[in-house]
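For reference, the structure discussed in these notes is given below.
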Amino acid sequence: MSNAALGADYAQAVERLAGRVLGALRGTQVPLPAVSDADRPADTTALAAVRVMGPDLFAPALFCRQPLPQPDRDTLDTALRVFPPRPGDSVEARWRDRTTAALLARGAAGADPAGPYAGGEPYADEDSERAALAEAAGIAGIVEDAEDTELTWQERSQRMARLAPLALPEVDGPYQQRACLHVRALSRGATRSLMRRDHPTAARLVRWLALAQSRGASPALDVPTVLDHLRLWGAPSARTALDLAIARRLLAATEGGPR
Amino acid sequence: MSAYGPAAEEVRTTALRTGTRALDWLHRNHVQGTFADGATAELAEPDSVYKPLAELSLAASLVMRDAAFPAAQRDTAGELLDFAWDQLRGGDLLYERQLRFPAMTDPLETYVHFHRAGYRHERLQELLAHLASLTSYREYEHVPNRRMAVANATRVVGGADPTDWPARTAATWLGSTPEPWTMDWMTAYHVTHTVFHLTDWGAQPHALPPHLRDYLATWLPVWTDVWAEIEEWDLVAELVIVDACMPQPAFEPDAWRRLAAAQHDDGLLPRDGRTGGDGDGRRFEDHYHTAVVATVAASLVLSRLGA
Amino acid sequence: MSVQTTPALSPVRAGVAERAALTALVDEPEAPFSDAPVYSPQGTGVLLLLALLSPKTPKESRPS
């Protein structure tokens with residue numbers, strides 16, 4: 001298979017998986033349905049999709065305060081072994097992996113109010129999962145981003161757009177705090193993406209704005225209005241729709257509504 | 001070095017170089033903006049020569065007013081004003097046009113630039129003072145920022161100015177601080193002109209109410225970035241002027257860097273990245289406006305940064 | 001599932017091409033080309049619309 005065909009294959013798999021995560025997020029089914037192709041553990045394409053989604057896989061579980069279904073845990077575990085984190089990965093990829101690993105490490109007990117970066121959480125029982133987690137956390141943990149304070153609003157927005165899967169409830173860390181701290185820069189970045197009609201990037205940034213608002217920060221944009229605009233004008237990709245749905249849920253939580 | 005720091009020093013240097021070259025280009029090419037013999041008050045094609053003359057005069061009058069360019073550029077500006085005033089037959093053409101069309105505001109809006117630079121046409125001035133006293137003249141149904149243009153020109157020419165500026169400002173798009181991401185190309189020009197007239201081209205930065213200062217301080221960098229990326233140089237230069245009209249300009253070097261890089265060796269600054277090639281037969285007609293805007297931007301920036 | 005007890009089921013690590021395809025999706029950049037608004041002659045359609053909506057000369061009213 002050519003590289004382009006492989007890329008297209010993976011992108012399609014991500015779309016399918018994002019669509020199923022979106023369905024689980026919108027559904028009211030308890031326990032949550034598994035979303036990954038657990039019956040095809042050796043399907044590299046399906047595993048790649050799981051790795052691309054990363055922390056997004058946990059979105060329904062986190063919003064419903066439910067554990068991640070075991071089949072999804074197993075698939076994620078396999079995916080981490082087939083596509084292990086590497087020292088050469090981008091800062092953004094390493095932070096996504098670190099968050100994925102931390103969420104897995106919360107075990108089957110569901111949300112951990114201490115957040116994924118609190119030390120001492122027990123690993124899950126399975127040896128393989130433990131190994132995958134140790135590897136992910138070990139590599140992703142070496143994250144040097146001291147230069148972060150020097151970023152322009154454009155650079156910060158680009159970085160945060162790639163880190164959008166970290167904008168989740170019950171997940172805390174430096175980037176969630178930075179979203180609140182730099183809410184004006186991200187508002188500018190979202191406006192810029194909207195004007196460039198780059199709706200996927202705009203949706204990722206608005207997801208961060210929704211998180212910041214849910215944690216008491218004041219975006220310079222009216223987030224619900226932007227969400228509406230993106231829903232009506234945005235590209236109909238499942239990944240973008242998931243970003244928008246997560247943003248909506250984050251806002252709903254702020255307003256005291258159901259999550 | 002000024003209190004603004006090294007970034008502002010870079011802006012000063014770049015603005016001086018880019019603005020000087022734009023002004024010199026206007027000066028070398030201004031004869032292309034000459035009326036055919038026998039131009040009358042009717043002006044069948046007001047956009048062909050009349051409008052460019054008015055805009056040339058605007059830039060030159062601000063170079064004189066701000067007195068921030070070196071003496072050589074101020075002399076150049078003076079020559080351009082003399083040329084334009086001569087084209088308008090010492091103001092007679094404006095006077096005749098205002099007599100013929102009392103409801104038109106362009107004679108006032110053109111005359112104001114000469115008035116700012118010390119030129120006078122007494123009979124026209126009398127007409128304008130009378131018109132300014134009419135409720136009708138103030139209330140003709142222009143789009144809101146055009147009404148501000150008339151009000152500001154009246155203010156500068158010295159007529160009684162009963163304008164309710166806060167109400168006029170509130171009636172503009174900018175006045176209601178809308179969703180910044182809905183900004184489009186034409187609206188951007190409406191916004192820049194609202195600020196130009198409200199602050200009398202940067203002479204009164206504090207005329208901008210605080211809520212508009214905050215709004216512009218937040219979103220101007222975004223709009224500038226978006227249109228600089230697609231090389232809309234004319235609009236980028238207008239947005240740079242808006243920054244210079246603010247009580248606390250940001251003096252971002254990036255926009256100036258990009259404008260300087262887009263400027264041709266002969267000083268022509270193309271209105272956008274799609275035009276302005278050497279085979280372009282309408283170089284003055286298509287690009288004089290951008291030279292005007294760049295000259296004004298440089299004059300204001302140099303003035304605000306201090307000598 | 002345990003690596004130690006079921007080595008046959010343990011999938012192999014992805015190759016270079018697979019890694020590259022994954023990385024492209026994880027590190028997806030913003031749209032490379034801006035589609036920001038520019039002057040559009042179609043915008044003058046608004047003016048045409050206004051002209052079409054301008055009032056007609058009133059007709060003489062007739063008592064019904």
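These numbers were taken from a predicted model, which means no experiment stands behind them. Sequence lines set the chain letters: A, B, ... in the order given, protein chains first and strands last, and positions in each chain run from 1. Heavy-atom basis, side chains included; hydrogens, waters and symmetry copies ignored.
Contacts of C:Ala17 with chain A are made by both backbone and side-chain atoms, with heavy-atom separations under 4.5 Å. If you measure heavy-atom distances from A:Val14 to chain C, the contacts under 4.5 Å come from the side chain alone. In this structure, no portion of A:Ala161 lies under 4.5 Å from any heavy atom of chain C. Contact of C:Ala14 with chain A is made through backbone and side chain together, with heavy-atom distances under 4.5 Å.
Side chains of A:Arg239 and C:Glu28 form a contact here, defined as non-hydrogen atoms less than 4.5 Å apart. Side-chain contact between C:Arg19 and A:Asp89 is present, with heavy atoms from C-beta onward closer than 4.5 Å. For the pair A:Arg96/C:Val26, a side-chain contact is recorded, criterion being any heavy-atom separation below 4.5 Å from C-beta on. Side-chain contact between A:Arg196 and C:Phe33 is absent, with no heavy-atom pair separated by less than 4.5 Å.
Per-residue heavy-atom pair counts under 4.5 Å with chain A were compared for C:Ala21, C:Pro37, C:Ala20, C:Pro29, and the maximum is reached by C:Ala21. Among A:Glu92, A:Arg51, A:Met53, A:Met195, the residue with the largest count of heavy-atom pairs under 4.5 Å with chain C is A:Met195.
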Using side-chain contact (heavy atoms from CB on, under 4.5 Å), reason through C:Val12 and A:Val82 one step at a time and then give a plain yes or no. CA-CA 6 Å; C:Val12 292; A:Val82 174; over 6 Å; no
side-chain contact (heavy atoms from CB on, under 4.5 Å), that's the test. Do A:Tyr10 and C:Glu18 meet it? Break it down for me. CA-CA 9 Å; A:Tyr10 281 16; C:Glu18 284 84 2; 3.0 Å; yes
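Of all heavy-atom pairs between C:Leu22 and A:Ala48, the closest is CD1-O, 3.3 Å. A:Ala93 and C:Asp27 make their closest contact through CB-OD1, 4.0 Å (heavy atoms, listed as atom of the first residue, atom of the second, distance). Taking all atoms of both residues into account, the shortest heavy-atom contact from A:Ala11 to C:Leu25 is N-CD1, 3.7 Å.
Among the candidates A:Gln154, A:Arg192, A:Arg204, the single residue satisfying the side-chain contact (heavy atoms from CB on, under 4.5 Å) test with C:Glu30 is A:Arg192.
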